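Below is one structure, written out as structure tokens; comments come after it.
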Amino acid sequence: MRVLVLRPAPAAARTAGTLAARGHEAVLLPLSKAEHAVDAVRAALAGAHAAIAVTSTEAARLLARLGDDLRPHLATPVFAVGDATARAVHDIGFADVFSAGGDGQALAALIAGKADTLHGPILYLAGNPRAEGFETRLRDVGIPLHVVEAYRMAPLVPARAEMEAALLCPIPDAVLLYSRESARAFFALSPLQEAPERFEAMRLICMSPNVAAAVPARFTARIAVAAAPEEKSLLALL
């Protein structure tokens with residue numbers, strides 16, 4: 001199966017390797033790139049906080065860039081949105097890592113359940129753009145939260161030749177949609193705008209119902225939604 005991967009580097013390369021191991025042809029067309037706010041995170045870590053919250057492996061990649069400056073913080077508890085993010089945080093040296101195994105709402109519930117053990121604000125290493133459900137839920141239950149914008153996913157617009165090679169030579173059998181932003185960016189690409197009927201047989205593999213909601217109406221018959229918001233469940237639909 002020819003599978004289109006829209007993720008930024010280096011995540012795209014890992015996904016491509018997994019797809020190849022399963023016998024699929026991965027086609028990479030990144031629609032964003034990560035811009036890290038390393039100095040802002042370093043300053044935030046120097047302030048008072050009881051735990052760290054992360055909702056993406058991108059936050060772990062940023063933290064890894066701190067090098068020796070990260071050492072004093074490795075005993076801090078970390079609450080991660082899912083297993084992949086938890087593994088990424090553990091791999092850079094954090095020992096006390098908790099996985100919500102779900103989405104932002106599940107992460108908020110996990111932290112709320114441990115509120116009695118937390119004596120200080122939660123430092124949330126957030127991305128931009130992001131959903132606000134996690135922050136809203138914690139504030140609703142009265143847990144203090146310090147949000148620092150740790151990274152920004154800056155949009156990329158591929159060159160016309162790159163788009164045509166990925167989308168038309170031949171048309172992919174499926175596309176992996178990890179976020180609402182990537183879904184919106186994908187359907188805004190000129191080949192899909194100019195002749196959308198060419199892509200109506202393509203399967204749209206969505207990470208969550210929230211992602212699927214960003215798919216235009218004419219394509220919804222080809223949507224499949226992962227059973228859980230994690231890559232393992234996403235790829236199981238291929």
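Bear in mind the structure is a predicted one, so any value in this text is a computation, not a measurement.
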Could you give the distance from [atom1] ([X]) to [atom2] ([Y]), rounded to the nearest 0.5 Å?
X      : Y      : atom1 : atom2 : result
Thr220 : Leu204 : OG1   : CG    : 9.0 Å
Lys114 : Ile122 : NZ    : CD1   : 11.5 Å
Arg61  : Ile92  : CZ    : CD1   : 10.5 Å
Arg22  : Leu235 : CZ    : CG    : 5.0 Å
Met1   : Leu238 : CE    : CG    : 5.5 Å

Do [X] and [Y] have side-chain heavy atoms sitting under 4.5 Å apart?
X      : Y      : answer
Phe187 : Val215 : yes
Pro155 : Ser32  : no
Leu29  : Val5   : no
Val3   : Glu25  : no
Cys206 : Leu237 : no
Thr55  : Tyr124 : yes
Phe186 : Leu192 : yes
Arg218 : Glu200 : yes

Only one of Phe98, Phe94, Phe134 forms a ring-ring contact (aromatic ring centres under 6.0 Å, His included) with Phe79, so which one is it?
Phe98
CD (Glu132) with more than 12 external heavy atoms under 6.0 Å
no
Could you tell me whether the side chain of [X] and the main chain of [Y] form a donor-acceptor pair under 3.5 Å?
X      : Y      : answer
Thr136 : Gly133 : no
Thr15  : Ala11  : yes
His49  : Gly47  : yes
Arg130 : Gly127 : yes

When you group the ILVMFWY residues by side-chain heavy-atom contacts below 4.5 Å and let the links chain together, are Leu234 and Leu6 in the same group?
yes
Show your reasoning for whether salt bridge (Lys or Arg N to Asp or Glu O under 4.0 Å) applies to Asp68 and Arg71.
CA-CA 5 Å; Asp68 289 342; Arg71 288 186 181 277; 3.4 Å; yes
Which atom pairs, one a donor and one an acceptor, fall under 3.5 Å between side chains of residues 163-181 and the rest of the protein, sequence neighbours left out?
unit_1 : atom_1 : unit_2 : atom_2 : d
Glu164 : OE2    : Arg160 : NE     : 2.7
Glu164 : OE2    : Arg160 : NH2    : 3.2
Asp173 : OD2    : Arg2   : N      : 2.7
Tyr178 : OH     : Glu231 : OE2    : 2.4
Ser179 : OG     : Ser182 : N      : 3.1
Ser179 : OG     : Ser182 : OG     : 3.2
Arg180 : NH1    : Asn210 : O      : 2.8
Arg180 : NH1    : Asn210 : OD1    : 3.2

Between Ser233 and Glu230: side-chain donor-acceptor atoms closer than 3.5 Å:
yes
Under the side-chain contact (heavy atoms from CB on, under 4.5 Å) test against Val41, which residue among Ile52, Leu62, Leu70 passes?
Leu62
